[in-house]
Trainee: 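One structure coming up, written as C-alpha cells, with questions to follow.
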Amino acid sequence: QVQLVESGGGLVQPGGSLRLSCAASGRIIDYSTIGWFRQAPGKEREEVSCLTILDGATLYADSVKGRFTISSDNAKKTVYLQMNDLKPEDTGVYYCAADPRGLLKFYEYDYWGQGTQVTVSS
C-alpha cells in the first residue's frame, strides 16, 4: 500500500509561481513512476508531468513544457512540481499519483493522493 499527500497549493496571480510537493509513504518502490495530474471544474482530468524514480527521466504535457519542472528527493520520498509563469488555465485540483510499473507515460496509475487546489487569478 502506498499513501500520497500533496501540499503547496494556493492562490497566485498570473505570472506567479508555486511549488507542489507529493510526500509518499508505505511500500513505494525504487522503480515507480510518480505523476502529476490536474482537473479543472467541469473538465476531465489531464496529465501534467511524470517522473521515473529509477533514473529521473521526465515527461511533460505540451501545455506546461518550459514552465513546469518535476523533480524528486528520493531520500525524503518526495516529488515536487515547480510551476512558473502560471496562467489562469492552470487552475484546478492537482493530484499526485504513483504506479509500480515504472513506465514513463501517462496512464491509470494505481495510487492517488487527495489533491491540492491551485487557483491562478488576479
Trainee: Under the rule for salt bridge (charged side-chain N to carboxylate O under 4.0 Å, His left out), what residues qualify as partners of Asp90, not counting sequence neighbours?
Mentor: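 If we apply the salt bridge (charged side-chain N to carboxylate O under 4.0 Å, His left out) test to Asp90, skipping adjacent residues, the hits are Arg38, Arg67.
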
Trainee: Output all residues satisfying side-chain contact (heavy atoms from CB on, under 4.5 Å) with Glu44, sequence neighbours left out; order by chain, then residue number.
Mentor: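 In terms of side-chain contact (heavy atoms from CB on, under 4.5 Å), with neighbours along the sequence ignored, Glu44 is linked to no residue.
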
Trainee: Find the distance between CD1 (Ile34) and CG (Asn74) and round it off to the nearest 0.5 Å.
Mentor: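 So the gap between those two atoms works out to 9.5 Å.
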
Trainee: Under a 4.5 Å side-chain heavy-atom rule over Ile, Leu, Val, Met, Phe, Trp and Tyr, are Trp112 and Val2 clustered together?
Mentor: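 Cluster IDs for Trp112 and Val2 differ.
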
Trainee: What's the separation between atom CG in Asp99 and atom OG1 in Thr52, rounded to the nearest 0.5 Å?
Mentor: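 Those atoms lie 12.0 Å apart.
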
Trainee: Considering only residues two or more places apart or on different chains, which pairs with a residue in residues 107-122 satisfy salt bridge (charged side-chain N to carboxylate O under 4.0 Å, His left out)?
Mentor: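 For residues 107-122, and leaving out neighbouring residues, the salt bridge (charged side-chain N to carboxylate O under 4.0 Å, His left out) pairs sorted by first residue read Arg45-Glu108, Arg101-Asp110.
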
Trainee: Applying side-chain hydrogen bond (donor to acceptor under 3.5 Å, both in side chains) as the test, list every pair that has at least one member in residues 6-18; sequence neighbours left out.
Mentor: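 Counting only pairs at least two positions apart or across chains, the side-chain hydrogen bond (donor to acceptor under 3.5 Å, both in side chains) contacts touching residues 6-18 are Ser17-Asn84.
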
Trainee: Quick check: closest heavy atoms across Val79 and Ile53, and the distance to 0.1 Å?
Mentor: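 Of all heavy-atom pairs spanning Val79 and Ile53, the closest is CG2-CD1, 4.4 Å.
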
Trainee: List the steps, then state whether side-chain contact (heavy atoms from CB on, under 4.5 Å) holds for Gln117 with Thr91.
Mentor: CA-CA 8 Å; Gln117 176 70 45; Thr91 294; 4.1 Å; yes

Trainee: Listing request: all disulfide bond (SG atoms under 2.5 Å apart) pairs with a residue in residues 25-122, at least two apart in sequence or in separate chains.
Mentor: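 Found Cys22-Cys96.
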
Trainee: So which pairs with a foot in residues 10-19 pass salt bridge (charged side-chain N to carboxylate O under 4.0 Å, His left out), sequence neighbours left out?
Mentor: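 Qualifying pairs: none.
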
Trainee: Residues two or more places apart in sequence or in another chain: which of them pass salt bridge (charged side-chain N to carboxylate O under 4.0 Å, His left out) with Lys43?
Mentor: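 None.
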
Trainee: Counting only heavy atoms from other residues, nucleotides and ligands, does the tally under 6.0 Å from CD of Gln114 exceed 12?
Mentor: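 For Gln114, atom CD is not crowded (no more than 12 foreign heavy atoms under 6.0 Å).
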
Trainee: Provide the closest heavy-atom pair for Val48 versus Val64 in the form atom of the first, atom of the second, distance.
Mentor: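 Heavy-atom minimum between the residues: O-CG2, 3.5 Å.
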
Trainee: Output all residues satisfying ring pair (Phe, Tyr, Trp, His ring centres under 6.0 Å) with Phe68, sequence neighbours left out; order by chain, then residue number.
Mentor: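 Per chain and number, Phe68 pairs via ring pair (Phe, Tyr, Trp, His ring centres under 6.0 Å) with no residue.
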
Trainee: What is the minimum heavy-atom distance between Ser49 and Ile70, and which atoms define it?
Mentor: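 Shortest heavy-atom contact: OG-CG2, 3.2 Å.
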
Trainee: How long is the span from the CG atom in Leu51 to the OG atom in Ser32, to the nearest 0.5 Å?
Mentor: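 If I round to the nearest 0.5 Å, the distance is 11.0 Å.
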
Trainee: In chain order, what residues pass the side-chain contact (heavy atoms from CB on, under 4.5 Å) check against Ser122, with sequence neighbours excluded?
Mentor: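 Applying side-chain contact (heavy atoms from CB on, under 4.5 Å) to Ser122 gives Pro14.
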
Trainee: Would you say Leu11 ends up clustered with Leu86 if hydrophobic residues are merged whenever their side chains have heavy atoms under 4.5 Å apart, either directly or through other cluster members?
Mentor: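 No, separate clusters.
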
Trainee: My understanding is that only residues two or more places apart in sequence, or in another chain, count here; which of them pass salt bridge (charged side-chain N to carboxylate O under 4.0 Å, His left out) with Asp55?
Mentor: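 Asp55 satisfies salt bridge (charged side-chain N to carboxylate O under 4.0 Å, His left out) with no residue once adjacent residues are dropped.
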
Trainee: Out of curiosity, Thr116 OG1 to Leu81 CG, how far, rounded to the nearest 0.5 Å?
Mentor: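 One finds 11.0 Å between OG1 of Thr116 and CG of Leu81.
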
Trainee: Can you name the residues that form a salt bridge (charged side-chain N to carboxylate O under 4.0 Å, His left out) with Asp73, not counting sequence neighbours?
Mentor: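 Testing Asp73 for salt bridge (charged side-chain N to carboxylate O under 4.0 Å, His left out), a comparison that skips the adjacent residues, returns none.
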
Trainee: Among residues at least two apart in sequence or on other chains, which ones pass side-chain contact (heavy atoms from CB on, under 4.5 Å) with Val118?
Mentor: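 Partners of Val118 under the side-chain contact (heavy atoms from CB on, under 4.5 Å) test: Leu18, Leu20, Met83, Tyr94, Val120.
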
Trainee: Closest approach of Leu4 and Ala98, non-hydrogen atoms and distance?
Mentor: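 Looks like CD1-N, 3.6 Å.
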
Trainee: In terms of hydrophobic clusters joined by side-chain contacts under 4.5 Å, are Phe106 and Tyr95 together?
Mentor: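 Linked within one cluster.
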
Trainee: Give the ring-plane orientation class for Phe37 versus Tyr109, where under 30° counts as parallel, over 60° as perpendicular and anything between as tilted.
Mentor: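 If you compare the ring of Phe37 with that of Tyr109, the planes turn out perpendicular.
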
